[in-house]
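Heads up, the thing below is written out as structure tokens.
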Amino acid sequence: GSRHRRLSADAGHRCEAVARRPWEPIRIGYEFLGAEDVPWSLRSFVERQVLRPAIDFWARALRVHRATRPLRAEYVGRNCEKFGLAFQGHILTSEKDFTCESAEPPTCGASGLTIPEKYLKSMQVCSRECPGVAEKLAHVFQASSMCDKCSSLPEGPGASGYDLLV
């Protein structure tokens, strides 16, 4: 399957607005994931002796335009496609965006740790069921959702008050 990320048409305007905000120390948050079997004494040691000093160092060293919304990752789309109309290798028209049949939470790091749903953006997934050529053409030209059976994957609350979550 392919992976797809949508970029907003007004992304440039948002970048300019972010650039006008002040530079401030980075706020780094963390969560222990997949560490349920690690003894509390070891987790406490790592937190006190490794994480806190490292976070404090980087917070003094790095300045950012702070995040104003909760941090959220995107689902990874699977079986993503666009309906379109082509003739002799030339695309005459196609849907603006990809539609994905399913999606999975992304993974992170060498161990492939799955990012929990509480840190994910919502995503719409759709199965395509256009029974014939006429319906497909109507779907492409009218940009309707007549062929889509859609549902939304949940959006989590995200990580508020941070600029980076590790």
Side-chain angles (χ1 to χ4, degrees), residues 1-84 91 93-126 143-145 148 150-166:
S2 66
R3 185 179 226 183
H4 173 60
R5 296 186 188 276
R6 293 186 178 157
L7 297 176
S8 173
D10 64 347
H13 298 292
R14 286 196 310 248
C15 288
E16 292 170 11
V18 168
R20 287 192 292 271
R21 293 200 313 256
W23 290 94
E24 300 180 75
I26 191 169
R27 301 167 298 172
I28 303 172
Y30 62 90
E31 181 175 344
F32 287 104
L33 297 174
E36 295 78 19
D37 296 334
V38 176
W40 181 86
S41 58
L42 179 57
R43 286 175 42 177
S44 179
F45 173 80
V46 168
E47 185 172 18
R48 285 190 332 270
Q49 300 298 319
V50 178
L51 286 175
R52 284 293 357 138
I55 288 171
D56 290 344
F57 170 81
W58 289 112
R60 287 189 308 274
L62 299 176
R63 295 196 173 272
V64 297
H65 297 298
R66 287 191 168 169
T68 58
R69 295 183 210 158
L71 301 178
R72 291 186 188 93
E74 295 181 351
Y75 283 93
V76 177
R78 299 287 183 220
N79 299 323
C80 303
E81 64 181 3
K82 289 184 184 184
F83 273 170
I91 297 175
T93 185
S94 69
E95 293 178 301
K96 179 181 166 197
D97 296 316
F98 282 90
T99 298
C100 300
E101 284 186 11
S102 64
E104 300 172 355
T107 58
C108 184
S111 65
L113 187 69
T114 299
I115 296 176
E117 286 185 358
K118 67 182 177 180
Y119 297 122
L120 298 180
K121 295 178 182 178
S122 178
M123 181 176 176
Q124 183 171 307
V125 292
C126 304
S144 70
S145 59
D148 298 339
C150 300
S151 61
S152 290
L153 299 175
E155 179 162 285
S160 295
Y162 300 110
D163 305 303
L164 175 66
L165 186 66
V166 293

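All residue numbers in this chain count up from 1 along the given sequence.
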Check: Leu120 and Pro106 side chains under 4.5 Å, non-hydrogen atoms: yes
Residues in side-chain contact (heavy atoms from CB on, under 4.5 Å) contact with Trp23, at least two apart in sequence or another chain: Arg63, His65
Any pair counted as salt bridge (charged side-chain N to carboxylate O under 4.0 Å, His left out), so long as it reaches residues 36-53, sequence neighbours left out: Arg52-Asp56
Full working for side-chain contact (heavy atoms from CB on, under 4.5 Å) between Leu51 and Phe32: CA-CA 11 Å; Leu51 286 175; Phe32 287 104; 3.8 Å; yes
Please list, one pair per line, the donor and acceptor atoms closer than 3.5 Å that link side chains of residues 152-166 to other protein atoms, with sequence neighbours excluded.
residue: Glu155; atom: OE1; partner: Ser122; partner atom: N; Å: 3.0
residue: Asp163; atom: OD1; partner: Arg27; partner atom: NH2; Å: 3.0
residue: Asp163; atom: OD1; partner: Ala67; partner atom: N; Å: 2.7
residue: Asp163; atom: OD2; partner: Arg27; partner atom: N; Å: 2.9
residue: Asp163; atom: OD2; partner: Arg27; partner atom: NE; Å: 3.1

Shortest non-hydrogen contact between Ala103 and Met123, atoms and distance: CB-SD, 3.7 Å
Residues forming a salt bridge (charged side-chain N to carboxylate O under 4.0 Å, His left out) with Glu117, sequence neighbours excluded: none
Pairing residues for Ala61 by the side-chain contact (heavy atoms from CB on, under 4.5 Å) criterion, not counting sequence neighbours: Phe57, Trp58
Ile115 side, atom CD1; Thr107 side, atom OG1 - distance, nearest 0.5 Å: 7.5 Å
Glu104: side-chain contact (heavy atoms from CB on, under 4.5 Å) partners, not counting sequence neighbours: Arg78
Cys150 and Cys126 SG atoms less than 2.5 angstrom apart: yes
Whether Arg66 side chain and Pro25 backbone form a donor-acceptor pair below 3.5 Å: yes
